[in-house]
Structure formats: structure tokens, C-alpha cells
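Down below is the structure, laid out as C-alpha cells.
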Amino acid sequence: MKRRTTLLLSSAVTIAALFSFNSKVQAAADPTIKATNYNMTVKLNTRKNQLTEKVTMHVVNNGNEPVKNLLVRNIASGVLKYDHKHFKATRNATTSVKSNSSDGQKLSYTTGKDKSNLFVNKNLNAGESTDLTVNVVTGVPKRQDRFGYQNINGGKVYNLSFCFPYLSDYRNGKWNYHPYYDAGENRNSAVSNFHVSFFAPKSYKVAASGQNTTKNGKTTIVANNMREVGIAASNKFKVDHAYANGVESTTTTLQAKTASNTTSLL
């Protein structure tokens, strides 16, 4: 008889702990130019192992000087560059920026040596704001990590973080960023509010930051006062709900055939 073990993914609690901050800290940590809100539409193609991402960020210049460009970080570019160098199985995964626009107007951009950096040609005067939209198509690498997918028990598990474009930090009159490396903290993103429409096949269950509701393959994610949204999706997840004193607790479990399949999902 095959043994069965249950892998527990502490969904909202674990993910929120990774990316959320107390709102009281936010004011002291704010950069001069920040994205106050992210509105995202993310579609997961499980056949191609690919994400189609439309990310609209509301950018505000709270400083006293204008800027001639806005620095968007397509962090997936740095992640995949590292992966291609160190993990042969990830080399089919790539990322491509399809377009940038602001308030409906298409914008050009340049990159430096670090292809993760998109210097979008958009002037933003002091006190002004704009809605900047970035469209990206990104392959999900086959890797057991915070960004990647695994084949488990006849199904798939997708871990989706470090793959969504974001506005970098602007402090002391310049844009600040760190090139991606695989260990430690290397993102420059302010605390913000996220509203995400995440689409996956109906057979997939989703655990994500913030509050989630799923219907007909669409998961709506509302996550406030966070630095990033983390999403886990699988066609082998089982979701359980428990209530205590009127408070609902949700756990997401993954059934594995053998104890040797135990793995970290985030």
C-alpha cells in the first residue's frame, strides 16, 4: 500500500507574512515617487507554462522636482537570467515586454545592461500622477522555488512571486534598484495596494496574499499594504474551511503519494 502524506500550505497567513507591512510604517518608508495602487490582470496558461500580465500602476510624484522617466522593474528578467545560468530545465522560460502606455498613450522605453530595468519615457512633474500600464508575457520556469512550477502527483503546482512588474524606488533624486540575485532581499518596491484578477483553469485552486474569492476560473485578490502579491495555484490542492468563534480559517493541502514528495511550496 502506498503511503500518503499531506503537505500543508498556509496560504493567506504565510503569504501575507512574507509581503505585508503595518500601515503605520508606510509613511516613513515612502519613496518620493511611488505606485500607490496596482491593478493587475494575470492569466496562467498551464499548457504553455506561461503568464500573460497586464499591470497598471497609479504613480504619484510627491517630490519637488520633475522626472523624465519612470523606472519599472520587470523582475522576471533577472530571475530567469539567473535560472538559465544555474538550472538547465528553466531555459525554455523567457520574458517579453509587449507594450508600455500611460493614460492610453503608448510609450517607448530603454534598458541598460540589466534588462530588468525598463526606463519608460514618461515625464512626471512634481505633484502630478499618472496611470502607467505594462504588458508582459513571461514563461514560468520548471523549478522548485518562489517563482516556478513543479509536476507533483499527476498535476502541477505553480508558485508565482518575483514575476510581476513593479515601480522601483525613487529617493534623493535618483532611481534605486538592485540587480537580481537568488538569496536575500533584492527588490526596491514600496508598500502599496493590489487588486488582481487571476485566471487559471477551473480545475486549479488558488491561495494568495490578502482576501481571495474564486468563481469560474477567476480569482479576485485584494491585498492592501503589501510590497508584492504571492500566488500559489494547483490542480491538486484541496481547500478546507474551519470556523472558531465566528472567525474563518482556510488551509490549502496538497496530497502526495509518498513521503519523499514533501517539498516547500513557497
[X] side chain vs [Y] backbone, donor-acceptor pair below 3.5 Å:
X	Y	value
N61	G63	yes
N45	K48	yes
S116	G78	yes
N159	D145	yes
R143	Q150	no
N193	N225	yes
H84	T90	yes
K34	V191	yes
S209	G230	yes

- Message: One pair to check against salt bridge (Lys or Arg N to Asp or Glu O under 4.0 Å): D114 and R73. What are the steps and the verdict?
- Response: CA-CA 10 Å; D114 187 343; R73 293 276 289 158; 3.4 Å; yes
- Is there a side-chain hydrogen bond (donor to acceptor under 3.5 Å, both in side chains) between N37 and S192 once you walk through the steps? CA-CA 6 Å; N37 294 280; S192 190; 5.5 Å; no
- Message: Quick check on K142: does its NZ atom have over 12 non-hydrogen neighbours (other residues, nucleotides or ligands) under 6.0 Å away?
- Response: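 For K142, atom NZ is not crowded (no more than 12 foreign heavy atoms under 6.0 Å).
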- Query: If you count the non-hydrogen atoms of other residues, nucleotides and ligands that lie under 6.0 Å from CG in N151, is the total more than 12?
  - Reply: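 Check passes, neighbour count above 12.
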List the atom of [X], the atom of [Y], and the distance in Å for their closest heavy-atom pair.
X	Y	result
N176	Y170	ND2-C, 4.4 Å
S101	L107	C-CD1, 4.0 Å
A200	Y204	CB-CB, 4.1 Å
H58	S129	CE1-OG, 3.6 Å
D169	A190	OD1-N, 4.1 Å
A208	I231	CB-CG1, 4.0 Å

- Query: Taking the six-membered ring where the residue is Trp, are the ring centres of F162 and F147 under 6.0 Å apart?
  - Reply: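 Between F162 and F147, the centre distance exceeds or equals 6.0 Å.
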Check whether any side-chain heavy atom of [X] lies under 4.5 Å from a side-chain heavy atom of [Y], and answer yes or no.
X	Y	value
R146	D182	yes
N100	K106	no
Y109	N69	no
N74	V72	no
V42	F199	no
N117	T111	no
I33	L167	yes
F194	M226	yes

How long is the straight-line distance from [atom2] of [Y] back to [atom1] of [X], given to the nearest 0.5 Å?
X	Y	atom1	atom2	value
S108	N121	OG	CG	3.5 Å
E128	N62	CD	CG	12.0 Å
D30	T36	CG	OG1	9.5 Å
K54	N39	NZ	CG	8.5 Å
T219	N212	OG1	CG	7.0 Å
K43	L51	NZ	CG	12.5 Å

- Task: For the pair T130 and D103, evaluate side-chain hydrogen bond (donor to acceptor under 3.5 Å, both in side chains) and give the outcome as yes or no after the intermediate values.
- Result: CA-CA 7 Å; T130 190; D103 302 321; 3.0 Å; yes
- Task: Answer yes if the side chains of S161 and E228 hold a donor-acceptor pair under 3.5 Å, and no otherwise.
- Result: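 Note: S161 and E228 side chains miss the donor-acceptor criterion.
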With sequence neighbours excluded, tell me which residues meet ring pair (Phe, Tyr, Trp, His ring centres under 6.0 Å) with [X].
X	answer
Y149	Y158
F164	none
Y82	H86

- Task: Tell me, with the steps shown, if E53 and T41 meet side chain to side chain contact (heavy atoms under 4.5 Å, CB included).
- Result: CA-CA 6 Å; E53 308 168 55; T41 299; over 6 Å; no
- Message: Go through it in stages, so that I can follow the logic: the residues are S77 and T95, the test is side-chain hydrogen bond (donor to acceptor under 3.5 Å, both in side chains), and I'd like the CA-CA distance, side-chain angles, deciding distance and then a yes or no.
- Response: CA-CA 6 Å; S77 177; T95 183; over 6 Å; no
- Message: Quick one, K156 with N49, criterion side-chain hydrogen bond (donor to acceptor under 3.5 Å, both in side chains). Give me CA distance, side-chain angles, the key distance, then yes/no.
- Response: CA-CA 10 Å; K156 290 182 179 180; N49 299 315; 2.9 Å; yes
